[in-house]
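Note that the structure is a prediction, hence the values are computed from the model and not measured. Reckoned from all heavy atoms, side chains included, excluding hydrogens, waters and symmetry mates.
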Amino acid sequence: MGCVPVVEVGPRRPGPEFLVGGAEFALEAASRGSATRMAIFDEDLAARYAGHRVVQERLPGAISNGKLQVFFQPQIDLSTGGVQGFEALVRWSCNGRFIPTPELIHAEEQNGLIMDLDRFMLSEAAQIVSKWNRTHRKRLAVSSNLSAGNMTNEDTVDFVASVLQRSGLPPELLTVEITESIELEHDPRVQSIVEQLRALGCRVSIDDFGAGYSTFRYLRDIRVDEIKIDRSLVMDIEESPSARHILESVIRMSEQLGRSTVVEGVETEGQVDLIRSFGGATAQGFFYGKPRPALDWLADTTYRPRSEPHPVPAA
């Protein structure tokens, strides 16, 4: 059955713009819903749509006025147990609530702002880490995402070079993450941009490996330094022999291709032990800590004794 939204019009007779937008919102809700593929534009969905409109209307100002927050999540060197760097993640508080990341990204894409957000995050993350490293004599690294639009834009390399120059961050401490997609796989501009970023001295990583489209062909065709393994390949490894074999195979394959791995979504000590036994070098996930404001994590990492483990968050 097709994805058919049902829009109920109240007594106030909403205008055409609201009706069309509400229908599209219901269509998207239906596509994410149950097998019936139908969504009724009731009071609950109408309230969600109203909130969605507020996010869309205020997002451009949030980016231009620096209202977005940079959060970090640590990446742990499994050979030492120490923090080697962080992934930069965006957070935004609108109307007193943090906007969930999928909702925020969806609004950015609809507003055509995803490239602006990428560049804001990369620039801010590089500035924060570089200043901290200089002040505290550290060499912490940071990774930040560039979307498909930036990975096919001819001025992206110049932008990254300018960020490195302004921030003073050594290029080897910056990892640019790209998310695998059908669009990138078949675009010849992508490999050219990847090679130019690497020529700057940056590392390039494939994000969410294992959760996308034609992953093995993508890995073959895009020459990168690192593979970030998606949490979907991690979550069942303690219970499922098949899941363990798949994750180990991906880690071993990456090693044979000369690419390092970051295993995402690590939540238990048992997962850590298995990943280490597979040859995984770096881990990231709630076991080591949830995303927090960037300076909070930097301070915690700098002042905590190296031998003292990071706390495991409560379930």
Side-chain angles (χ1 to χ4, degrees), residues 56 59-60 62-64 66-73 85-92 99 101-130 141-167 169 171-209 211-215 218-219 221-228 230 259 262 264 294:
Q56 282 196 306
L59 181 57
I63 295 176
S64 62
K67 299 297 185 183
L68 302 179
Q69 294 179 257
V70 179
F71 275 41
F72 280 175
Q73 188 173 32
F86 301 91
E87 179 183 2
L89 302 163
V90 64
R91 294 293 185 268
W92 179 36
I99 307 303
T101 300
E103 182 181 344
L104 178 56
I105 292 175
H106 179 61
E108 292 154 5
E109 291 174 339
Q110 288 197 325
N111 277 8
L113 296 172
I114 188 69
M115 289 175 59
D116 293 337
L117 177 76
D118 285 350
R119 296 188 175 201
F120 168 83
M121 286 294 296
L122 191 147
S123 180
E124 289 292 302
Q127 291 280 1
I128 291 169
V129 170
S130 182
V142 68
S143 62
S144 190
N145 187 268
L146 286 182
S147 60
N150 272 307
M151 289 307 299
T152 55
N153 191 303
E154 60 184 14
D155 73 346
T156 292
V157 177
D158 289 339
F159 169 75
V160 174
S162 71
V163 167
L164 292 171
Q165 183 177 21
R166 291 195 310 270
S167 68
L169 183 71
E172 66 272 15
L173 297 183
L174 175 65
T175 297
V176 174
E177 297 183 6
I178 58 176
T179 302
E180 59 174 330
S181 69
I182 290 175
E183 292 84 0
L184 293 185
E185 180 184 350
H186 298 291
D187 196 317
R189 293 172 293 181
V190 175
Q191 185 57 51
S192 174
I193 290 175
V194 167
E195 290 174 353
Q196 291 178 68
L197 289 172
R198 296 180 72 197
L200 289 177
C202 302
R203 290 167 51 80
V204 179
S205 174
I206 294 179
D207 193 17
D208 298 332
F209 183 82
Y213 299 93
S214 47
T215 54
Y218 195 93
L219 183 59
D221 294 343
I222 306 294
R223 293 182 292 278
V224 297
D225 304 283
E226 176 186 279
I227 298 167
K228 291 195 73 176
D230 187 73
R259 290 152 188 182
V262 176
E264 298 183 282

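Pairing each heavy atom of Val176 with each of Leu197, the nearest pair is CG1-CD1, 4.2 Å. Between Arg203 and Asp225 the shortest heavy-atom distance is CA-OD2, 3.4 Å. The two residues Ser143 and Glu177 come nearest to each other via the heavy atoms OG-OE2, 2.8 Å.
Contact annotation: the side chain of Gln73 approaches that of Leu89 to within less than 4.5 Å [non-hydrogen atoms, C-beta and beyond]. By the 4.5 Å heavy-atom criterion applied to side chains, Phe159 and Asn150 are not counted as neighbours. The closest side-chain heavy-atom distance from Met151 to Val194 is below 4.5 Å. When side chains are defined from C-beta on, Val142 does not count as touching Leu173, because their heavy atoms never get closer than 4.5 Å. Residues Leu164 and Cys202 meet the side-chain proximity criterion, which asks for heavy atoms closer than 4.5 Å. You'll find the side chain of Val70 reaches within 4.5 Å of the side chain of Met121, heavy atoms only. At least one side-chain heavy atom of Glu264 sits under 4.5 Å from a side-chain heavy atom of Asp207. Using a 4.5 Å cut-off on side-chain heavy atoms (C-beta onward), Glu87 and Thr175 make no contact.
For the atom pair CZ (Phe86) and CD1 (Ile128), the distance works out to 11.0 Å, reported to the nearest 0.5 Å. With rounding to the nearest 0.5 Å, the separation of CG in Asn153 from OG1 in Thr156 is 4.5 Å. Put simply, CD on Glu124 and CG on Leu68 are 9.0 Å apart, with the number rounded to the nearest 0.5 Å. Within the model, atoms CD of Gln127 and CZ of Arg166 stand 6.5 Å from one another, a figure rounded to the nearest 0.5 Å. Here the CD1-CD1 distance, from Ile178 to Ile206, works out to 5.5 Å after rounding to the nearest 0.5 Å.
For the residue pair Gln196/Ser192, the side-chain donor-acceptor check at 3.5 Å is satisfied. Side-chain contact check for Arg119 and Ser123: no donor-acceptor pair (N or O, by modelled atom type) lies under 3.5 Å.
A distance-only check finds no donor-acceptor pair linking the side chain of Arg91 to the backbone of Gln69 [under 3.5 Å]. Checked by atom type and distance alone, the side chain of Ser167 never pairs as donor or acceptor with a backbone atom of Ser130 at under 3.5 Å.
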Take Leu200 and Leu174, measure what side-chain contact (heavy atoms from CB on, under 4.5 Å) needs, and give me the verdict at the end. CA-CA 10 Å; Leu200 289 177; Leu174 175 65; over 6 Å; no
Would Lys228 and Asp208 count as a side-chain contact (heavy atoms from CB on, under 4.5 Å) if you check the C-alpha gap in whole Å, the side-chain angles of each, and the deciding distance to 0.1 Å? CA-CA 6 Å; Lys228 291 195 73 176; Asp208 298 332; over 6 Å; no
